[in-house]
**Student:** 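One structure, pasted below without further comment.
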Amino acid sequence: DVVVGLKRPPANNVNNTTTSQPCVCIDGKTDGFGAQYQAKASGVAWARAKGMPYIHVPFRSNWHAAGTNDTLEAIEQFAGMRSDLLEGFTCTKGQNNLTICGSTPCSRTIKKVYRQSTRYYTPEVRAELRRVYNASPKPIPRNCDTAVHVRRGDARYGNPRRTSDEQVENTLQHFTRKYGANQSICIFSEGVESDFNAFNLTRRFPHTRLYLNGGIREAFHSLVVAPRLVMARSSFSYAAALLNTEQIFYYKVRRMAVEKPLDHWQRLN
């Protein structure tokens with residue numbers, strides 16, 4: 001069986017000679033950690049579905065990491081992804097960040113995985129992703145009964161990816177009613193505290209903690225291990241949900257992202 005996690009590829013394993021055997025590699029994504037991780041996870045899922053080896057290409061950028069110690073090297077170690085064991089194999093960068101090396105680049109494959117998520121992110125694929133993720137050191141996560149990712153920061157007013165005040169309010173009320181006022185709710189987001197003044201957290205939800213502009217690794221791992229995870233419309237929390245083995249919740253919005261929720265995830269509205 002082909003297993004991710006056997007060998008780290010050299011940094012220059014892209015744009016060299018093409019392999020003699022078809023393989024899958026993901027490259028060219030210059031976005032935040034979540035978007036890059038999700039793209040690479042889709043490559044693993046596609047490779048497993050098609051019986052081809054996966055060749056890992058290191059993370060290329062580190063958006064949302066200003067003011068933190070989340071360097072590219074730290075992020076690479078944190079994610080833990082590796083190539084399948086294939087000596088001397090390299091990939092050539094293709095369209096839309098995916099190349100099936102040794103054949104014609106497939107420009108729509110990533111979106112195909114996103115749109116048919118349950119088909120490709122099988123229990124076996126998710127277990128494999130968790131195994132290599134858990135193999136590297138992790139920061140101590142925040143102690144949360146319910147972890148809530150609120151998309152703000154670069155998602156300003158009018159951006160369909162922004163988590164609305166209504167969704168935040170509904171989330172806090174729903175989980176407080178269902179699990180009790182003494183549970184710990186952690187909100188992970190970007191921005192300033194005044195963005196959350198309308199919810200009067202101290203008085204109405206005293207066991208809710210707000211974590212803003214923190215480290216990528218600490219926030220991500222806190223989402224991964226939370227007993228209950230409420231996703232935003234964001235690759236960051238979607239990628240965490242792929243690794244989380246507990247309860248996952250999401251909101252259906254008028255304009256859903258390309259990424260479809262897995263069948264066992266729970267819709268809140």
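Just so you know, residue 1 is the first one in the sequence shown, and it goes up from there.
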**Student:** E169 vs R204, test: side-chain contact (heavy atoms from CB on, under 4.5 Å). Steps then yes/no.
**Tutor:** CA-CA 11 Å; E169 175 72 24; R204 298 177 61 223; 2.5 Å; yes
**Student:** Go through the side-chain N and O atoms of H56 and E76 and say whether any donor and acceptor fall under 3.5 Å apart.
**Tutor:** yes
**Student:** Indicate yes or no for a side-chain donor-acceptor contact from T176 to the backbone of A181 under 3.5 Å, with no hydrogens or angles considered.
**Tutor:** no
**Student:** Between S136 and F78 (side chain of the first, backbone of the second, donor and acceptor by atom type, cut-off under 3.5 Å), is there such a pair?
**Tutor:** yes
**Student:** Could you measure the distance from the OG1 atom of T118 to the CG atom of D263? Nearest 0.5 Å is fine.
**Tutor:** 3.5 Å
**Student:** Hey, could you give me each pair passing salt bridge (charged side-chain N to carboxylate O under 4.0 Å, His left out) that has a residue in residues 234-247? Not counting sequence neighbours.
**Tutor:** none
**Student:** Would you confirm whether R217, through its side chain, and I75, through its main-chain N or O, come within 3.5 Å as a donor-acceptor pair?
**Tutor:** no
**Student:** Just so I know, are the side chains of W265 and F249 near enough to count as touching, which here means a heavy-atom distance under 4.5 Å?
**Tutor:** no
**Student:** Could you tell me if K260 sits above the aromatic ring of Y238, with its cationic atom closer than 6.0 Å to the ring centre and no more than 45 degrees from the axis?
**Tutor:** no
**Student:** With a 3.5 Å distance limit and no angle check, can you tell me whether R142 reaches the backbone of A147 through a side-chain donor-acceptor pair?
**Tutor:** no
**Student:** Quick check: does any side chain N or O of K40 sit under 3.5 Å from a backbone N or O of A35, one acting as donor and the other as acceptor?
**Tutor:** no
**Student:** Should L72 and M81 be regarded as members of a common hydrophobic cluster, given that ILVMFWY residues are connected when their side-chain heavy atoms come within less than 4.5 Å of each other, either directly or indirectly?
**Tutor:** yes
**Student:** Within the 4.5 Å heavy-atom criterion, are E193 and L210 side-chain neighbours or not?
**Tutor:** yes
**Student:** Under 3.5 Å, side chain of D70 to main-chain N/O of I216, donor-acceptor pair present?
**Tutor:** yes
**Student:** Please determine whether residues V150 and V192 belong to a single hydrophobic cluster, defined as Ile, Leu, Val, Met, Phe, Trp and Tyr linked transitively by side-chain heavy-atom distances below 4.5 Å.
**Tutor:** no
**Student:** Hey, are Y211 and S222 close enough side-chain-wise for a donor-acceptor pair under 3.5 Å?
**Tutor:** no
**Student:** If you apply the rule side-chain contact (heavy atoms from CB on, under 4.5 Å), what do you find for L212 with F196, and how did you get there?
**Tutor:** CA-CA 11 Å; L212 300 178; F196 297 84; 3.8 Å; yes
**Student:** Could you check whether any side-chain N or O of D84 sits under 3.5 Å from a backbone N or O of I55, counting only pairs where one atom can act as donor and the other as acceptor?
**Tutor:** no
**Student:** Judged by modelled atom types alone, do Q77 and E73 share a side-chain donor-acceptor pair under 3.5 Å?
**Tutor:** no
**Student:** Decide salt bridge (charged side-chain N to carboxylate O under 4.0 Å, His left out) for E128 and R48; before the verdict, give the C-alpha distance in whole Å, the side-chain angles of both, and the deciding distance to 0.1 Å.
**Tutor:** CA-CA 10 Å; E128 183 178 357; R48 298 300 171 257; 3.0 Å; yes
**Student:** Whether the side chain of N134 engages the backbone of R130 through a donor-acceptor N/O pair (distance < 3.5 Å, no angle test) should be reported.
**Tutor:** yes
**Student:** Compare all side-chain heavy atoms of V225 with those of N244 and state whether any distance is below 4.5 angstrom.
**Tutor:** no
**Student:** Between W46 and Y120, is a ring-ring contact (aromatic ring centres under 6.0 Å, His included) present by the stated rule, with each step listed?
**Tutor:** CA-CA 7 Å; W46 182 262; Y120 289 102; 5.6 Å; yes
**Student:** Do the side chain of R151 and the main chain of H149 share a donor and acceptor less than 3.5 angstrom apart?
**Tutor:** no
**Student:** Give the C-alpha distance, both sets of side-chain angles, the deciding distance and a yes or no for ring-ring contact (aromatic ring centres under 6.0 Å, His included) between F188 and F236.
**Tutor:** CA-CA 11 Å; F188 296 92; F236 189 76; 8.7 Å; no
**Student:** Tell me if a side-chain donor or acceptor on N213 pairs with a main-chain N or O of G191 at a distance below 3.5 Å.
**Tutor:** yes
**Student:** Could you please spell out the steps behind the side-chain contact (heavy atoms from CB on, under 4.5 Å) verdict for N200 and F205?
**Tutor:** CA-CA 7 Å; N200 199 354; F205 306 101; over 6 Å; no
**Student:** Where do Y251 and S164 land on the side-chain hydrogen bond (donor to acceptor under 3.5 Å, both in side chains) test, with the steps shown first?
**Tutor:** CA-CA 11 Å; Y251 280 96; S164 68; over 6 Å; no
**Student:** Quick check on side-chain hydrogen bond (donor to acceptor under 3.5 Å, both in side chains): which of T146, T208, D145 does Q183 satisfy it with?
**Tutor:** T146
**Student:** Kindly indicate, with the supporting measurements, whether the criterion side-chain contact (heavy atoms from CB on, under 4.5 Å) is fulfilled by I187 and R209.
**Tutor:** CA-CA 6 Å; I187 295 177; R209 299 289 179 264; over 6 Å; no
**Student:** Establish, yes or no, whether the cationic atom of R267 lies under 6.0 Å from the six-membered ring centre of Y250 and within 45° of the ring axis.
**Tutor:** no
**Student:** Within 45° of the axis and under 6.0 Å from the centre of the six-membered ring of F220, does NZ or CZ of K138 qualify?
**Tutor:** no
